[in-house]
There are 2 protein chains.
Amino acid sequence: MRRDVFQAIADPTRRAILLLIAAHAMTPNAIAEHFDSTRQAVSKHLKILTECELLKQKFTGREIYYEVNANKMKDIDKWLAQFRKIWETRFSQLDAVLAQLKQDKKK
Amino acid sequence: MRRDVFQAIADPTRRAILLLIAAHAMTPNAIAEHFDSTRQAVSKHLKILTECELLKQKFTGREIYYEVNANKMKDIDKWLAQFRKIWETRFSQLDAVLAQLKQDKKK
DNA sequence: ATTTTGCGAAACCGAATAGTTGCATATATA
DNA sequence: TATATATGCAACTATTCGGTTTCGCAAAAT
């Protein structure tokens, strides 16, 4: 199944999970304790977050620690960066126009 | 209906719309020309993006120009900033631990 | 060896989603 | 005035989504 970072963070529970374990890795049971829904529901969220690589698994015995993949979080920032770039050039073009107007005024 | 920025950008078509009109405002018809789906489908996307304030409408006669609300885009960045903050303190704590180890070694 | 614990996977269900077609309305244009 | 154009809205549909319950399995604990 195609998993997308943006689709993954669309769900508020999944965003909460990311924030919860951003500080330190946690097991599914420990994570589920912080939410009203069942462990299985949380497990589904973890699966989705793992499939899009926002989470990494660390296996220790029968426990699985989930931790945030900081590197993948950058994908969101990269997308935002596109807009920053567009707006910068747009404003620099505006600057050029304003400079031209100033120039014309002098004449 | 409750509209969320994260839910809005979950859809790839909506992300494409945002990028398309980031440079300059466009009308629904002009936007729809860039996609395979019908004008009505695009119009629905525009409605969702407008409801969560990622887009602003400019009315001129019977035409409606849609433009990106750069300010609302910051909401996404604010969310990302939480993680940056967590990771900064986590690393500074790590620094403290390392410093302590160094201290202990001296003794 | 038996029981408990931690976990994922499957089957199912109601709600939400993205798309379509068809229609109504207001503004240009002939 | 009649017609074409730009747009939003409603009804319908197939699919996806988030949740639950039930189950199976492997690792600990007893």
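Note on naming: letters A, B, ... go to the chains in the order of the sequence lines (proteins, then strands), and numbering restarts at 1 for each one.
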S.K.: Between C:dA26 atom P and B:F59 atom CZ, what is the distance in whole Å?
M.R.: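 It works out to 14 Å between those atoms.
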S.K.: Below the 4.0 Å mark, does D:dC17 have OP1 or OP2 next to a side-chain nitrogen or oxygen of A:H45?
M.R.: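 No, because none of the side-chain N or O atoms of A:H45 sits under 4.0 Å from OP1 or OP2 of D:dC17.
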S.K.: Rounded to whole angstroms, how far apart are CZ on B:F6 and C1' on C:dA16?
M.R.: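 It works out to 20 Å between those atoms.
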S.K.: To the nearest 0.5 Å, tell me how far B:N71 CG sits from B:K56 NZ.
M.R.: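 If we round to the nearest 0.5 Å, B:N71:CG and B:K56:NZ are 7.5 Å apart.
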S.K.: Between B:T38 and C:dT20, is there a side-chain N or O to OP1/OP2 distance below 4.0 Å?
M.R.: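 So the side chain of B:T38 is within the cut-off, an N or O lying under 4.0 Å from OP1 or OP2 of C:dT20.
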S.K.: What's the closest nucleotide to the side chain of B:E63 if the choices are C:dG19, D:dA28, D:dA6?
M.R.: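 Out of C:dG19, D:dA28, D:dA6, the nucleotide with an atom closest to B:E63's side chain is D:dA6.
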S.K.: Between A:D36 (CG) and D:dG19 (P), how many Å, whole number?
M.R.: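 After rounding, the reported distance stands at 10 Å.
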S.K.: Tell me the interatomic distance from A:M26, atom CE, to C:dG6, atom C1', rounded to whole angstroms.
M.R.: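 Whole-Å distance recorded here is 14 Å.
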S.K.: Nearest-Å distance, CZ (A:R62) to P (C:dT5)?
M.R.: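 About 9 Å, once rounded to whole Å.
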S.K.: Once you measure the plane-to-plane angle for B:W87 and B:F83, does it fall in the parallel (<30°), tilted (30-60°) or perpendicular (>60°) bin?
M.R.: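 Tilted, since the angle between the ring planes falls between 30° and 60°.
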S.K.: In whole Å, what is the span from the NZ atom of B:K44 to the P atom of C:dT20?
M.R.: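 The distance from NZ of B:K44 to P of C:dT20 comes to 10 Å, rounded to the nearest Å.
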S.K.: Can you measure A:I64 atom CD1 to D:dA26 atom C1' for me and round it to whole angstrom units?
M.R.: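 Distance check: A:I64 CD1 to D:dA26 C1' gives 11 Å.
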S.K.: Could you tell me whether the side chain of A:R14 and the main chain of A:I9 form a donor-acceptor pair under 3.5 Å?
M.R.: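 Between the backbone of A:I9 and the side chain of A:R14 there is no qualifying donor-acceptor contact (under 3.5 Å).
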S.K.: Heavy atoms only, 4.0 Å cut-off, all strands: where does A:Y65 land among base, sugar-phosphate and nothing?
M.R.: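 Result for A:Y65 = nothing.
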S.K.: Taking any heavy-atom pair under 4.0 Å as a contact, classify B:F35: base, sugar-phosphate, or nothing.
M.R.: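 The residue B:F35 makes no contact with any strand.
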S.K.: Is there a side-chain contact between B:N29 and the phosphate of D:dT7, meaning an N or O under 4.0 Å from OP1 or OP2?
M.R.: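 For D:dT7, OP1 or OP2 has a side-chain N or O of B:N29 closer than 4.0 Å.
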S.K.: On DNA chain C, nearest-nucleotide positions of B:V42 versus B:R39: which is more 5'?
M.R.: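 The residue mapped nearer the 5' terminus is B:V42.
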S.K.: Could you check A:I48 against A:G61 and say which one's nearest nucleotide on DNA chain D is further toward the 5' end?
M.R.: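 On the 5' side of the pair lies A:I48.
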S.K.: Tell me whether B:S43 contacts the main-chain N or O of B:R39 through its side chain, where contact means a donor paired with an acceptor under 3.5 Å.
M.R.: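 No: the side chain of B:S43 does not pair with the backbone of B:R39.
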S.K.: So does A:Q7 get a side-chain nitrogen or oxygen closer than 4.0 Å to the phosphate oxygens (OP1/OP2) of D:dC17?
M.R.: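 Checking D:dC17 against A:Q7, a side-chain N or O does come within under 4.0 Å of OP1 or OP2.
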S.K.: Just to confirm, is there a sub-4.0 Å distance from OP1 or OP2 of D:dG18 to any side-chain nitrogen or oxygen of A:R14?
M.R.: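 Answer yes for this pair, as a side-chain N or O of A:R14 is under 4.0 Å from OP1 or OP2.
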S.K.: Separation of B:Q40 atom CD from D:dA11 atom P, in whole Å?
M.R.: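 For the pair B:Q40 CD and D:dA11 P, the rounded distance is 15 Å.
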S.K.: Does a side-chain N or O from A:S43 land closer than 4.0 Å to OP1 or OP2 of C:dG8, or not?
M.R.: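 For A:S43, the contact criterion (side-chain N or O under 4.0 Å from OP1 or OP2 of C:dG8) is met.
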S.K.: Counting heavy atoms from C-beta on, name the nucleotide in D:dG8, C:dT17, D:dG18 closest to the side chain of B:R3.
M.R.: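 Of the options given, the side chain of B:R3 lies nearest C:dT17.
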S.K.: Mind checking if A:K47 touches a base, just sugar-phosphate, or nothing, with heavy atoms under 4.0 Å?
M.R.: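 Answer is sugar-phosphate: A:K47 comes under 4.0 Å of backbone atoms only.
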S.K.: Testing A:T13, A:N29, A:I31 one by one against A:V42 for a side-chain contact (heavy atoms from CB on, under 4.5 Å), which residue passes?
M.R.: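 Among A:T13, A:N29, A:I31, the one meeting side-chain contact (heavy atoms from CB on, under 4.5 Å) with A:V42 is A:I31.
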S.K.: Scan side-chain atoms only and decide if A:Q57 and A:Y65 contain a donor-acceptor pair under the 3.5 Å cut-off.
M.R.: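 No, because no side-chain N or O of A:Q57 sits under 3.5 Å from a partner of the opposite role on A:Y65.
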